[in-house]
Amino acid sequence: MEPIILFIFVIGFLFLGVPVAISLGLSSILIIAFFSADSMSSVAIQLFTASQNYTLLAIPFFVLASAFMSTGGVAKRIIRFAISAVGHFRGGLAMASVLACMLFAALSGSSPATVVAIGTIAIAGMRQVGYSKEFAAGIIANAGTLGILIPPSIVMVVYAAATDVSVGRLFLAGVIPGIVAGLMLMIAIYIVARWKNLPAEPWKGFGEIIAGGKESGWGLFLIVIIIGGIYGGVFTPTEAAAVAAVYSFFVAVFIYRDMGPMTGIAWVSEDDGKPARIGFSATVYALAFFFVWMILSFFATSDWEGITLAGRAQLGGILAVALGLAYAGWRGNSVAGIPGALLAGLPIWGRNLSLMGRNSFAAFFNEDTRKVLVDASKTTVMLMFIIVNALLFAHVLTSERIPDAITELMLGYGFNWFTFLIAVNVLLLIGGQFMEPSGLLLIVAPVVFPIAMELGVDPVHLGIIMVVNMEIGMITPPIGLNLFVTSGITGMSLVRVVKAAMPFVAVLFLFLILVTYVPVMSTWLPYSLMGPELTTSR
């Protein structure tokens, strides 16, 4: 009886328009107060325990990193790189938008942030070269969902907190499915482009790819820091999130200078001569190489014996100096002019370091920084309020043994892993139309996870299936969050956005079937690098 009353409370509150978090928390408290043998003190204990969850601490840091990356102009640089790579295919600008969403997803961990950051620029660009507004909006709405599949992913962190599955394994598990989903969308775009004779961008050569890669390199290197740091054993996913937030702030304010007190001030001015520019670029490339070398060599040799920091620094320094000298000689067309160029570049360094020093304190209290912090705080409070109440709801489910009862019922009706996954997909697809992903996942995961373990479904595989369902839920009405975000940035009505997104939703449905019944796609990479989460059998 208690399970029925609990779900009646939740559904009733939701239909009355009560926010999801309050619906979950209030329903749980009413059940504990009037129907359960559990003590009301357990409410305070569960809320305190949930708020102390170390895994969930990654969420505010990833939200903050995403906010700095979205505000700091990283998106436009990523789009340039994506266009240079695939823009010359028919329908290339749309395909580049998908690639840009994939790359930004690896920085943000958020689907709406990906839609806003990439869509604001990409949709306008597609309109200028002849794409219809509906086609451009449909592409971005669907490609933006990759923000929660390609690691790092806030939704994966939530699933890990609800089920005690390794965040590191989940992040790795999302790599191959994320790439496959992006490629499937690109193939669909190419087919439509051939059919509708959509335009292709001119091929600008490999030089443009290199230039785009250099311009977006500081932003894209965050992927290496997060993924390499976690799997190189340098830090945990939560610590990686904190590092990502600090790095994103530094890049947005001091390197790209798209926000903060140094906004619009270029590193190299028009008054600097050619030797000074060459010398400055040579030292930048040398320092960047040394920085990348030290990080990547640490990740690669962390388990090797006899490899010291001094040894890696010495070799990296020699290679960096050689690279800088080679660049200065190549661009200066004279080996003899290398010393002069390097000396001429020093004033540029002095000017910029002095500028950064004078503005380092002001950068923390600038209006742009304050706005990013406030926006990130609002998002974090909203997410954490939902999560804490959902974890209280999960506690009630567990204390009333509801998952055990459902497991026995499903096994009694002859469910196996195949039919069980069909049921999970149907449940999540329906629920995803009405609820925010984190809240829905925290409600469903504690119920289906024990059943999945009983039927031999891999826990990491189940997590990816649930994340893909959340993707589709974000672009299906009436509560699809990406639909509202896309409508906001395009000025289109919600109905028009839904119609625009639907053709490509079919691609994601096909992808969901592929992910569901080809588990190796999700499990091969994490288990090859980190070993199995736990032994299961089918």
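Residues: numbered from 1 along the sequence shown.
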S.K.: Are N469 and I465 close enough that some pair of their side-chain heavy atoms sits under 4.5 Å apart?
M.R.: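 With C-beta onward as the side chain, the pair touches.
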
S.K.: Classify the angle between the aromatic ring planes of F221 and Y247 as parallel (below 30°), tilted (30 to 60°) or perpendicular (above 60°).
M.R.: tilted

S.K.: Tell me, do E367 and R370 make a side-chain contact under 4.5 Å, heavy atoms counted?
M.R.: yes

S.K.: Quick one: are the ring centres of F504 and F135 less than 6.0 Å apart?
M.R.: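 For F504 and F135, the ring centres are under 6.0 Å apart.
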
S.K.: Using the rule given for side chain to side chain donor-acceptor pair (under 3.5 Å), can you reason through D272 versus S269, listing the C-alpha separation, both sets of side-chain angles and the distance that settles it, and then say yes or no?
M.R.: CA-CA 6 Å; D272 295 317; S269 70; 3.2 Å; yes

S.K.: A side-chain contact here means heavy atoms from C-beta on lying under 4.5 Å apart; do L170 and V167 qualify?
M.R.: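 Side chain of L170 against side chain of V167, heavy atoms only: no contact under 4.5 Å found.
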
S.K.: Evaluate the side-chain proximity of S216 to R80: yes if any heavy-atom separation is below 4.5 Å, no if none is.
M.R.: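 No, their side chains stay 4.5 Å or more apart.
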
S.K.: Using only atom types and a distance under 3.5 Å, with no angle test, would you say the side chain of S153 pairs donor to acceptor with the backbone of I148?
M.R.: yes

S.K.: Could you go step by step and tell me if S84 and E208 meet the side chain to side chain donor-acceptor pair (under 3.5 Å) rule?
M.R.: CA-CA 6 Å; S84 68; E208 175 65 14; 5.2 Å; no

S.K.: What class does the angle between the rings of F289 and W293 fall in, given that below 30° is parallel, 30 to 60° is tilted and above 60° is perpendicular?
M.R.: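 Geometry flag for W293 against F289: parallel rings.
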
S.K.: Which residue pairs pass the side chain to side chain donor-acceptor pair (under 3.5 Å) test when at least one of the two sits in residues 378-388, sequence neighbours left out?
M.R.: none

S.K.: For S111 and T145, does a side-chain donor sit closer than 3.5 Å to a side-chain acceptor?
M.R.: no

S.K.: Determine whether M69 and S248 make a side-chain contact, defined as any pair of heavy atoms from C-beta on separated by less than 4.5 Å.
M.R.: yes

S.K.: If you apply the rule side chain to side chain contact (heavy atoms under 4.5 Å, CB included), what do you find for V175 with I150, and how did you get there?
M.R.: CA-CA 6 Å; V175 172; I150 296 176; over 6 Å; no

S.K.: Do I475 and L481 come within less than 4.5 Å of each other through their side chains, counting heavy atoms only?
M.R.: no

S.K.: Show your reasoning for whether side chain to side chain donor-acceptor pair (under 3.5 Å) applies to R257 and N359.
M.R.: CA-CA 12 Å; R257 298 177 180 175; N359 289 279; over 6 Å; no

S.K.: Should Y159 and M466 count as side-chain neighbours, where that means a heavy-atom distance under 4.5 Å?
M.R.: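 In short, these two side chains touch, coming nearer than 4.5 Å.
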
S.K.: Examine distances only and state if a side-chain atom of N389 and a backbone atom of I386 form a donor-acceptor pair shorter than 3.5 Å.
M.R.: no

S.K.: With a 4.5 Å cut-off on side-chain heavy atoms, are I464 and M156 touching?
M.R.: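 A side-chain contact exists here, since the closest heavy-atom pair is under 4.5 Å.
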
S.K.: Between S354 and R358, does any side-chain donor sit less than 3.5 Å from a side-chain acceptor?
M.R.: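 The criterion, which ignores hydrogens and geometry beyond distance, is satisfied for R358 and S354.
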
S.K.: Kindly say whether the aromatic ring centers of F250 and F68 come within a distance under 6.0 Å.
M.R.: no

S.K.: What do the steps show when you test F280 against W349 for ring pair (Phe, Tyr, Trp, His ring centres under 6.0 Å), and what is the final call?
M.R.: CA-CA 7 Å; F280 175 73; W349 276 107; 5.1 Å; yes

S.K.: Could you note down all residue pairs passing side chain to side chain donor-acceptor pair (under 3.5 Å) where residues 485-499 supplies at least one of them, sequence neighbours left out?
M.R.: E134-R496

S.K.: Does the Lys NZ or Arg CZ of R77 fall within the cation-pi geometry relative to Y256 - under 6.0 Å from the ring centre and within 45° of the axis?
M.R.: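 Yes; both conditions hold, so R77 lies above the ring face of Y256.
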
S.K.: For the residue pair F9 and F13, categorise the inter-ring angle as parallel (less than 30°), tilted (30 to 60°) or perpendicular (more than 60°).
M.R.: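 Geometry flag for F13 against F9: parallel rings.
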
